Amino acid sequence: MIIHDIGFQLKDGRNALIRSPKDEDIKGMLEYLFISAGETDFILRYPEECSKYTPEGEKELFDRVNASDHEAMLVCLVEGKVAGNCQISWSKGIKTRHRASVAIALLSEFWNQGIGTKLFEEMIRIAENNPDILQIELEFVEGNSRARALYEKMGFRITGVRPNAIRLKDGTLLNEYSMIREIKR
């Protein structure tokens with residue numbers, strides 16, 4: 001699904017652009033994936049796991065998602081740099097097509113600038129424009145209070161916990177929480 005340009009201003013005054021990914025974003029996306037993986041334990045990959053991401057793989061992903069009628073990826077660019085991205089997808093299956101799943105991440109230098117809110121507003125708009133979707137679902141890792149606050153601000157509520165779902169390199173076990181936001185029709 002193609003999302004056309006959405007320009008907005010960050011809290012610090014810089015201009016940002018949200019849109020579907022393009023081939024010109026591949027290098028920046030690979031850098032973003034690697035950097036973001038090392039900035040927090042709340043992303044489900046470590047930097048060394050990013051070697052599986054290749055320019056060819058990113059191009060295939062971008063092409064597939066952009067051509068899809070059941071998923072969308074949004075990239076946020078600030079001064080030409082990939083600041084973050086998010087994705088929304090839903091099943092074509094009769095029993096589960098009412099559920100959309102979302103994921104989001106931002107580089108730490110862009111936290112608290114309004115990007116997460118803007119990305120969520122667009123994902124919610126996509127869900128609301130699909131008459132099949134009745135709820136949006138996501139997960140977050142224990143201790144990620146910044147993400148939880150954003151999700152709750154955007155209307156999500158906790159619906160469950162997966163104990164010890166995440167195991168860090170040092171052996172620390174963290175719970176993963178499920179949240180949903182119902183679409184009001």
Side-chain angles (χ1 to χ4, degrees), residues 1-47 49-50 53 55 58 61-62 65-66 71-89 100-129 133 136-158 166 168 174 176-183:
M1 176 179 298
I2 298 289
I3 305 302
H4 298 288
D5 294 5
I6 302 166
F8 68 103
Q9 195 168 58
L10 301 184
K11 291 178 183 176
D12 66 10
R14 289 180 289 175
N15 291 320
L17 177 68
I18 293 173
R19 60 165 167 73
S20 292
K22 298 180 179 181
D23 288 352
E24 66 200 51
D25 302 325
I26 291 172
K27 182 175 186 262
M29 182 64 79
L30 291 169
E31 291 171 4
Y32 151 80
L33 289 168
F34 179 80
I35 293 168
S36 63
E39 291 184 322
T40 175
D41 284 330
F42 304 126
I43 291 181
L44 299 182
R45 65 182 176 275
Y46 281 111
E49 295 175 295
C50 293
Y53 302 120
E58 288 301 290
L61 173 65
F62 292 177
V65 171
N66 288 339
E71 62 184 325
M73 179 184 289
L74 304 172
V75 174
C76 181
L77 302 165
V78 177
E79 299 172 343
K81 180 177 182 174
V82 175
N85 83 320
C86 65
Q87 193 162 350
I88 180 169
S89 60
S101 177
V102 297
I104 185 171
L106 300 173
L107 293 177
S108 64
E109 69 182 279
F110 297 103
W111 291 352
N112 298 314
Q113 291 296 314
I115 295 171
T117 298
K118 200 71 165 170
L119 289 170
F120 261 98
E121 287 171 352
E122 185 58 22
M123 287 190 292
I124 290 166
R125 185 196 65 75
I126 292 166
E128 289 175 341
N129 286 333
I133 298 175
I136 307 170
E137 305 172 358
L138 59 78
E139 292 81 34
F140 75 94
V141 177
E142 175 183 0
N144 195 349
S145 57
R146 179 186 318 278
R148 180 179 177 173
L150 171 64
Y151 305 154
E152 288 175 343
K153 177 176 100 170
M154 301 311 296
F156 287 80
R157 63 182 170 83
I158 292 177
I166 307 300
L168 304 179
L174 300 172
E176 184 177 65
Y177 293 88
S178 302
M179 298 182 89
I180 69 162
R181 180 188 193 277
E182 295 170 358
I183 302 295

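This one's a predicted model, so the numbers in the text were calculated from it and none came from an experiment.
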Ser108 and Glu39: side-chain hydrogen bond (donor to acceptor under 3.5 Å, both in side chains), yes or no, with the steps? CA-CA 7 Å; Ser108 64; Glu39 291 184 322; 2.9 Å; yes
Over all heavy atoms of both residues, which pair between Cys76 and Ala16 is shortest? Give the atoms and the distance, please. SG-CB, 4.1 Å
To the closest 0.5 Å, what do you measure between CD1 (Ile126) and CD1 (Ile136)? 9.5 Å
Less than 4.0 Å between a side-chain N and a carboxylate O, is that true for Arg125 and Glu122? yes
Taking the six-membered ring where the residue is Trp, are the ring centres of Phe156 and Phe120 under 6.0 Å apart? yes
Is it true that a side-chain atom of Thr117 and a backbone atom of Gly114 form a donor plus acceptor pair closer than 3.5 Å? no
Are there more than 12 heavy atoms of other residues, nucleotides or ligands under 6.0 Å from atom OH of Tyr53? yes
Glu58 side chain to Pro55 main-chain N or O, any donor-acceptor pair under 3.5 Å? no
Is a donor on one side and an acceptor on the other found under 3.5 Å between the side chain of Arg45 and the backbone of Cys50? no
When rounded to the nearest 0.5 angstrom, what distance separates CD in Glu49 from CZ in Phe34? 11.5 Å
Determine whether Lys81 and Leu107 make a side-chain contact, defined as any pair of heavy atoms from C-beta on separated by less than 4.5 Å. yes
Measure the spacing between CG of Leu138 and CE of Met123 and express it to the nearest 0.5 Å. 8.0 Å
